[in-house]
Amino acid sequence: MTNSVVDAPPAQVPDELTPKRSRWHGLRPYLPLVALVVAAILPYSKLNLPGIFEGPLNSPGTLQLLAICLVFGGLAAGYDLLFGRTGMLSFGHALYFAAGVYGTDILVTEAGLPLWQAAVLTVVGGTTLAALLGAVALRTVGIAFAMVTLAFAQVGAILVARDFGGLTGGEEGLPLDVSGLPPALVGVTNTVNLYWLALAYLAIVVLVVHRVSASPTGRVLAGLRDDERRIGVLGLDPYRFKLVAFTLAGGLASAGGVVYVLIVGGASPHITSSELTLSLLVMVVLGGPGTRWGPVLGGVLYMYLDHRLTAFGSSEAVNSLPAFLSHPLSQPLFVLGTVFILAVYFFPGGLASLRSRLTPVLAALRRPR
């Protein structure tokens with residue numbers, strides 16, 4: 001008699017323990033591409049959103065506002081490479097953005113170079129500046145590193161304010177000579193081209209930051225953020241990896257300065273202040289540090305509110321309120337600070353954590369009673 005072996009049937013996992021995939025799960029990898037396409041065709045829309053924008057979506061004023069928001073979304077994503085992904089708190093990141101703005105303006109207006117040459121030289125110079133100053137600042141850690149970066153930024157702000165070499169225009173700023181620009185980037189009717197340029201900058205920054213974060217270098221940077229001593233024990237040089245992140249973030253900020261000066265048509269000394277770096281820090285925290293899309297959303301939302309609240313503060317609706325309400329509401333920084341405090345209190349992980357926090361609430365509402 002032959003003993004036959006009968007295979008046991010495969011174990012069945014109860015349905016309640018099986019994670020259910022949403023029908024949208026397969027589409028999630030394509031959502032960034034869809035968002036990019038929607039943003040690219042936005043200037044063709046004549047949709048009017050009263051109270052949100054002052055004119056239709058394809059109006060020059062709206063497109064300029066959106067372009068500025070996109071630039072600062074890219075700046076916040078680049079700054080997050082330092083703060084959220086590597087754990088370095090820099091108070092001098094505005095210096096490299098200002099180098100991009102003033103470098104492009106000076107080379108086009110004063111030196112008479114074509115835009116593409118000025119842009120290349122500016123980005124290379126800003127990246128080199130970040131490498132040199134980072135090599136010094138990264139000899140320190142913690143609060144000392146933050147203070148050293150702040151000191152470097154203050155030196156840059158003083159040089160700009162005092163019209164160093166007669167090149168920066170001092171406190172009055174330096175208008176951009178549009179005669180040296182391509183015709184496609186000059187004039188109100190070409191604001192759409194500047195919008196697309198800002199969108200391209202944001203896409204490039206997000207792609208670079210994501211690729212770096214997903215690479216072996218990005219994993220080392222995440223290890224530096226969590227425990228720098230462990231990276232040293234593994235035989236890796238923390239200083240070298242932090243310098244790479246610092247230099248790359250500075251180069252991305254310089255590229256953002258090139259786009260920004262084309263959008264606003266000149267350079268002004270306020271972009272060299274430490275307040276701009278603090279604003280970038282607020283953008284990252286508001287969106288969610290260390291996340292893929294959080295800093296971008298934080299940067300776009302912050303700049304949108306910063307511009308729209310200025311108009312809101314001087315509106316009739318605010319002026320007609322009692323003095324104890326109209327005075328604080330007329331100050332954009334007061335409203336922005338209030339929004340930031342509420343966002344941090346209710347959503348500590350930033351806007352990026354909004355979905356995970358709302359999912360249990362939505363599940364409870366859908367549950368049959």
Side-chain angles (χ1 to χ4, degrees), residues 32-49 52-78 97-124 126 173-208 251-268 271 296-297 299-304 306-308:
L33 181 60
V34 173
L36 180 62
V37 172
V38 171
I41 64 176
L42 194 65
Y44 295 105
S45 174
K46 298 181 180 180
L47 181 64
N48 196 353
L49 300 174
I52 299 179
F53 297 109
E54 294 183 354
L57 292 178
N58 63 345
S59 64
T62 301
L63 290 177
Q64 185 183 40
L65 173 58
L66 291 176
I68 293 175
C69 292
L70 293 175
V71 169
F72 275 88
L75 284 175
F97 177 65
V101 173
Y102 275 96
T104 305
D105 200 345
I106 292 172
L107 291 177
V108 171
T109 303
E110 302 293 339
L113 294 181
L115 176 61
W116 71 270
Q117 292 183 9
V120 171
L121 291 175
T122 298
V123 173
V124 171
L174 183 65
L176 181 64
D177 184 9
V178 296
S179 63
L181 301 180
L185 299 178
V186 179
V188 177
T189 57
N190 291 319
T191 307
V192 60
N193 296 329
L194 296 174
Y195 167 83
W196 282 326
L197 183 62
L199 180 62
Y201 166 72
L202 173 61
I204 292 173
V205 172
V206 172
L207 178 63
V208 170
L252 293 175
S254 300
V258 175
V259 180
Y260 181 80
V261 73
L262 296 174
I263 296 174
V264 301
S268 57
I271 62 172
V296 175
L297 296 176
V300 171
L301 179 61
Y302 182 95
M303 290 309 299
Y304 170 80
D306 185 44
H307 281 73
R308 293 298 296 160

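Computed from a predicted model, the values in this text were never measured in an experiment.
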- Who pairs with T109 by side-chain hydrogen bond (donor to acceptor under 3.5 Å, both in side chains), at least two apart in sequence or on another chain? D105
- Is there a side-chain contact between N190 and L185, using heavy atoms and a 4.5 Å cut-off? no
- Message: Within this structure, what is the CG-CG distance for the pair L75 and L70, rounded to the nearest 0.5 Å?
- Response: 11.0 Å
- Item | Minimal non-hydrogen separation, G126 against S254, with atom names | CA-OG, 3.2 Å
- Q117: side-chain hydrogen bond (donor to acceptor under 3.5 Å, both in side chains) partners, not counting sequence neighbours: none
- Who are the salt bridge (charged side-chain N to carboxylate O under 4.0 Å, His left out) partners of E110, not counting sequence neighbours? none
- Query: Does any non-hydrogen side-chain atom of R308 lie less than 4.5 Å from one of L65?
  - Reply: yes
- Task: Show the numbers, then the answer: is there a side-chain contact (heavy atoms from CB on, under 4.5 Å) between Y201 and L197?
- Result: CA-CA 6 Å; Y201 166 72; L197 183 62; over 6 Å; no
- Message: My understanding is that only residues two or more places apart in sequence, or in another chain, count here; which of them pass side chain to side chain contact (heavy atoms under 4.5 Å, CB included) with T62?
- Response: F53, L57, S59, L66
Validation: residues 259-266 side-chain donor-acceptor distances under 3.5 Å, sequence neighbours left out:
none

- Task: Applying side chain to side chain contact (heavy atoms under 4.5 Å, CB included), name anything that partners P60, two or more places apart in sequence or on another chain.
- Result: V188, T191
- Which atom names give the shortest non-hydrogen contact between A76 and G299, and what distance separates them? CB-CA, 4.2 Å
- Could you state the interatomic distance from OG1 (T122) to CG (L107), rounded to the nearest 0.5 Å? 4.5 Å
- Message: For the CG atom of L252 and the CZ atom of F97, what is their distance to the nearest 0.5 Å?
- Response: 13.0 Å
- Flag side-chain contact, heavy atom, 4.5 Å: L115 against T104: yes
- Please name all residues satisfying side chain to side chain contact (heavy atoms under 4.5 Å, CB included) with V123, sequence neighbours left out, ordered by chain then number. T127, A255, V258
- Item | Residue pairs fulfilling side-chain hydrogen bond (donor to acceptor under 3.5 Å, both in side chains) with at least one residue in residues 37-49, sequence neighbours excluded | none
- Value for NE2 (H307) from CD (Q64), rounded to nearest 0.5 Å, stands at 7.5 Å
- Task: Taking side chain to side chain contact (heavy atoms under 4.5 Å, CB included) as the test, write out the residues that go with A39, two or more places apart.
- Result: Y195, L199
- Indicate the atoms forming the closest heavy-atom contact of C69 with Y304, along with that distance. SG-N, 3.6 Å
Under 3.5 Å, side-chain donor or acceptor atoms of residues 176-184 against the rest of the protein: list the pairs with distances, not counting sequence neighbours.
residue, atom, partner, partner atom, Å
D177, OD1, S179, N, 3.2
D177, OD1, S179, OG, 2.7
D177, OD2, S179, OG, 3.0

- Item | Closest contact, heavy atoms only, G256 versus V71 | O-CG1, 3.9 Å
